[in-house]
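Reviewing the structure listed below.
Note that these values count all heavy atoms, side chains included, but never hydrogens, waters or copies made by symmetry. In listed order, ligands and their atoms are each counted from 1.
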Amino acid sequence: MQRFSHFRLAILTAISGILLTLVIAGVIYIQDGRQIRQQLSSELQDLQLHINRQLQNHMFGLTWIARHHVRSQADAEHWQQEAPIVLNSYPHFRALIWLDQDFNWLASYHSERQTLNRENIPQQYLAPLQTGQRALVPSQFLNAEQIEVSMVVPLAQNDQTQYFIGVLDTRALLSSTVNQFIDSRSNFRLAQVSTGRSFFEVADSEDLLSRWGGISEFNLFGETWQMALWPNRERLNDMRSWLPLLVILAGFVTTALLTFVLYILGISRVRAQELADTNIDLYVEIEERERVEKRMAYLAEHDWLTDLANRNALMEQLDEFFQQADQQQLHVGALFIDLDNFKEVNDALGHSVGDQLLKRVATRLHRLAPANSCLARMGGDEYVLALANLPNQQSLIDFAEKVLTTLDTHFYVDDYEIFISASIGVALSKPGVDTPESLIRNADTALYRAKESGRNSYHMYSEILHHELNQRMELMKRLRHAVEHHKLTVFYQPKVDMHSRRIIGAEALVRWIDDDGSIIGPDKFIPIAEDTGLIIPISEFVLRSACKQLAVWHSLGFKDLNMAVNLSGKQLQSPDLVAQIMAIVNETGIPASHLELELTEQVFIDNIQSHTNFMHAVRERGISLAIDDFGIGYSSLSYLKHFPVTALKIDRSFVQDLPHDKDDATLTQTIINLAKSLDIGLVAEGVETEDQVEFLLDRDCIIGQGFLFSRPIPADEFTRLLDEYQGQVPIQIM
Ligand SMILES: Nc1nc2c(ncn2[C@@H]2O[C@H](COP(=O)(O)O[C@H]3[C@@H](O)[C@H](n4cnc5c(=O)[nH]c(N)nc54)O[C@@H]3COP(=O)(O)O)[C@@H](O)[C@H]2O)c(=O)[nH]1
């Protein structure tokens with residue numbers, strides 16, 4: 001549309017130029033037509049004049065003959081001799097007649113002798129003769145051809161005794177006059193108005209008569225005659241002016257030129273506009289680029305959310321701190337601060353609240369940071385406070401404690417009151433040994449231990465810690481190798497009906513057989529497996545092995561046996577877990593109702609909402625669900641009734657001091673009561689003595705698991721146990 005406006009003038013000029021040209025050409029064309037008609041009509045008038053003149057000439061000629069005759073007193077013979085001379089001068093007389101006063105024939109030239117009766121001629125024609133005037137009489141009254149005109153003159157004005165008549169060949173007269181005075185390309189017609197009969201006509205076509213014909217009427221011998229003169233096509237074309245065509249041509253050419261010029265102007269205006277627009281775009285782009293470059297330069301050194309220094313800026317600052325510290329024999333310190341349970345705040349209240357909280361934390365830490373320090377956000381919920389010129393370790397620890405105290409009061413974000421604590425890894429540089437990188441790495445290492453040791457605390461980096469973590473790294477490497485090279489196996493620990501001492505099921509417990517044949521327990525490697533993700537293939541291996549083994553025992557006739565398998569919290573994050581479990585159940589052919597999945601109380605509490613779907617899905621497929629290590633996690637007991645849990649396993653820490661420890665006895669009793677009231681199963685873990693059996697049986701807790709009956713043993717030993725004791729377990733097998 002914008003573009004169109006630039007060419008509007010050109011378009012309007014083109015339209016109005018064409019219209020104006022057509023109007024002018026039209027007017028000229030009409031004017032031209034009018035002129036042509038005027039010319040034809042004036043030609044017609046001229047023609048009429050010439051015809052009249054011819055008639056008059058002949059009349060004069062006849063009169064002159066009469067007068068001459070009187071003067072010369074010529075007789076009839078002599079008159080006849082002179083007649084050709086007269087006809088030579090007046091060629092349109094076809095005949096000359098000499099009459100007496102009664103119109104008796106005295107002599108004639110080129111005419112037969114006739115008897116004329118003057119009485120037959122209407123008086124109106126002859127009236128002029130009485131005053132010596134000349135008369136025109138239509139020839140039919142004088143027995144001549146009807147079309148001819150007879151001119152009658154008395155011999156002399158005062159002599160009415162004799163008359164001369166000249167019979168005029170009107171056709172010849174008309175023909176010669178018309179040929180002489182009108183253009184050969186014109187058509188001519190003389191017609192009697194009363195009859196409409198054409199008297200004389202020189203015409204090849206009547207096409208143009210109605211449009212172009214000049215028409216005039218005149219009176220002759222009491223008749224009205226109509227003369228029409230019109231051009232033929234060739235003459236009309238000649239008469240037509242070239243002007244309208246020239247005007248059209250000139251108008252169109254001028255319009256085209258003008259339109260072209262305006263179009264070019266329009267184009268140059270568009271180009272100019274485009275150029276201006278491009279310039280503006282360019283300026284905007286340059287400004288935007290400058291803004292982005294400034295922002296990038298800023299972000300190269302700052303954290304986008306909190307405006308604190310980022311890792312790059314921190315490392316540069318640390319370089320300077322290290323140089324100062326080396327010169328002054330002082331230390332550089334780093335506090336690696338990580339917020340505890342920040343993920344829960346994010347999950348529960350949303351990322352916007354999480355971001356606000358991170359900013360508030362930054363503000364508080366910033367207030368705490370002394371002049372010679374650098375506070376940076378390392379990403380997520382991690383901050384580092386680097387301090388220069390520290391005299392000793394204690395000064396750094398003092399800072400760590402201040403940080404914990406600062407964060408120990410609530411934050412208000414969007415109407416939420418949020419409590420959050422932090423874990424801090426603390427590291428102090430060793431002059432001449434550490435670098436900025438190693439200092440931050442050490443603080444991060446110490447943070448790991450602070451997290452492990454229960455949060456809201458700090459941990460100081462030391463060589464021992466370093467060593468421990470190195471060992472952990474080593475273990476991690478070896479575990480990966482073990483998983484890849486099938487060094488894991490599954491042991492089974494019986495679950496026993498303590499009344500009948502019958503084995504009612506087994507719990508599958510993973511073991512790592514080291515290269516030297518020693519067995520590494522799951523307590524050592526399950527946490528590492530969870531951290532590295534190796535727990536997924538390990539758990540799949542245990543579940544498949546356990547299900548296969550159960551199928552073997554079922555096939556040996558121990559069809560009532562159940563199998564319990566532990567689930568890790570990490571596994572529950574997989575959306576396909578139910579499908580994976582069912583695939584293994586179907587693959588090994590065991591009844592799903594004989595499989596029990598154990599979930600520690602901690603895992604259950606941590607993800608109670610998100611695990612609900614999983615628990616229902618598992619139960620719907622007939623698989624049992626037990627809560628492991630029950631009692632230590634202080635789970636809200638009321639939760640239990642909302643979830644499809646089939647059994648509680650009383651944690652062995654309560655069982656181990658039974659029956660003497662009153663607190664444990666009370667707690668155990670409470671758990672038993674709870675299970676009964678919810679009508680769910682009970683298993684006592686870590687049963688090691690008969691007293692414990694007695695205590696538990698007295699309180700109706702029938703199922704037990706513990707060293708009293710059997711330690712976890714390899715599958716073939718378990719089979720032997722089943723075979724030897726027909727499903728019964730002797731007390732203290734090994
Ligand atoms: N996610 C997985 N966790 C697993 C798997 N296999 C084991 N584990 C978990 O590791 C923890 C340690 O297990 P383990 O070293 O096998 O110890 C088990 C028993 O040996 C021990 N126990 C049994 N009876 C007694 C006893 O009378 N006294 C005593 N001191 N210890 C005893 O208890 C462990 C079984 O406990 P629980 O699982 O809670 O029933 C342990 O938490 C395992 O869950 C695995 O494949 N995946």
Side-chain angles (χ1 to χ4, degrees), residues 479 482-483 487-496 498 503 505-513 518-547 549 562-574 577 581 584 595-604 606 624-633 647-658 664 671 681-693 696 703-715 717-718 729 731-734:
L479 176 61
V483 171
K487 301 280 181 177
L488 300 184
T489 187
V490 181
F491 278 25
Y492 299 92
Q493 185 177 36
K495 285 184 182 176
V496 176
M498 293 188 287
I503 299 174
E507 179 180 0
L509 296 159
V510 69
R511 296 290 182 267
W512 171 5
I513 314 292
S518 61
I519 293 175
I520 303 172
D523 277 340
K524 290 242 168 38
F525 65 86
I526 289 287
I528 295 176
E530 286 188 331
D531 284 352
T532 52
L534 284 169
I535 191 70
I536 303 295
I538 291 175
S539 301
E540 193 183 328
F541 162 75
V542 173
L543 180 67
R544 181 169 279 109
S545 306
C547 290
Q549 191 56 55
N562 297 318
M563 180 64 76
V565 179
N566 292 284
L567 278 187
S568 128
K570 279 271 152 61
Q571 273 179 283
L572 288 165
Q573 289 167 7
S574 160
L577 185 57
I581 293 170
I584 291 174
L595 178 65
E596 185 178 59
L597 300 174
E598 292 188 8
L599 218 78
T600 67
E601 188 185 21
Q602 196 55 49
V603 171
F604 177 73
D606 284 350
S624 303
L625 261 179
I627 298 190
D628 206 357
D629 307 336
F630 192 79
I632 54 169
L648 299 180
K649 286 184 82 176
I650 306 168
D651 189 67
R652 67 170 176 267
S653 60
F654 302 127
V655 176
Q656 71 187 1
D657 292 330
L658 290 179
D664 286 349
I671 295 171
L682 257 179
V683 179
E685 283 184 355
V687 180
E688 292 183 356
T689 66
E690 282 293 352
D691 288 348
Q692 290 164 351
V693 172
L696 292 164
I703 312 298
Q705 179 182 347
F707 292 172
L708 177 67
F709 309 113
S710 171
R711 286 177 180 270
I713 49 175
E717 277 185 42
F718 200 104
V729 279
I731 295 186
Q732 193 60 44
I733 300 161
M734 52 182 61

*I would like to know whether Lys649 and Glu685 meet salt bridge (charged side-chain N to carboxylate O under 4.0 Å, His left out); could you show each step before the answer?*
CA-CA 6 Å; Lys649 286 184 82 176; Glu685 283 184 355; 3.8 Å; yes
_Working to the nearest 0.5 angstrom, can you tell me the gap between Asn566 CG and Leu509 CG?_
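With rounding to 0.5 Å, CG (Asn566) is 6.0 Å from CG (Leu509).
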Report the part of [X] in contact with ligand 1, treating N, CA, C, O as backbone and CB onward as side chain, heavy atoms under 4.0 Å; options are side chain, backbone, both, neither.
X: Asp628; answer: side chain
X: Val542; answer: side chain
X: Arg711; answer: neither

*Would you tell me whether Asp651 and Ser653 have side-chain atoms, one donor and one acceptor, within less than 3.5 Å of each other?*
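Result is yes, a qualifying pair exists.
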*Pair Gln705-Glu507, side-chain donor/acceptor within less than 3.5 Å*: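 Yes.
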*Taking C-beta and beyond as the side chain, do Phe718 and Pro712 meet within less than 4.5 Å on heavy atoms?*
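Answer no - side chains too far apart.
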_Please check whether Pro712 reaches ligand 1 - meaning an N/O of the residue sits under 3.5 Å from an N/O of the ligand, judged on distance alone._
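No; every N/O pair is 3.5 Å or more apart.
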*May I ask you to list the atoms of ligand 1 that are less than 4.0 angstrom from any heavy atom of Glu507?*
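With Glu507 as reference, the close atoms of ligand 1 come out as 37 (P), 38 (O), 40 (O).
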*Leu509 heavy atoms, cut-off 4.0 Å: which ligand 1 atoms fall inside?*
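Contacts of ligand 1 toward Leu509, numbered from 1: 6 (N), 7 (C), 16 (O), 18 (C), 35 (C).
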*Backbone N or O of Glu688 within a donor-acceptor pair of the Gln692 side chain at under 3.5 Å?*
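Yes; at least one donor-acceptor contact below 3.5 Å.
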_Side-chain (Ser574) to main-chain (Gln571) donor-acceptor, under 3.5 angstrom_ =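 A pair under 3.5 Å: no.
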Per [atom], closest listed option by heavy atom ([options]):
atom: atom 36 (O) of ligand 1; options: Gln493, Gln705, Gln692, Arg652; result: Arg652
atom: atom 12 (C) of ligand 1; options: Asp523, Leu543, Asp629; result: Asp523
atom: atom 32 (C) of ligand 1; options: Phe709, Phe525, Phe707; result: Phe707

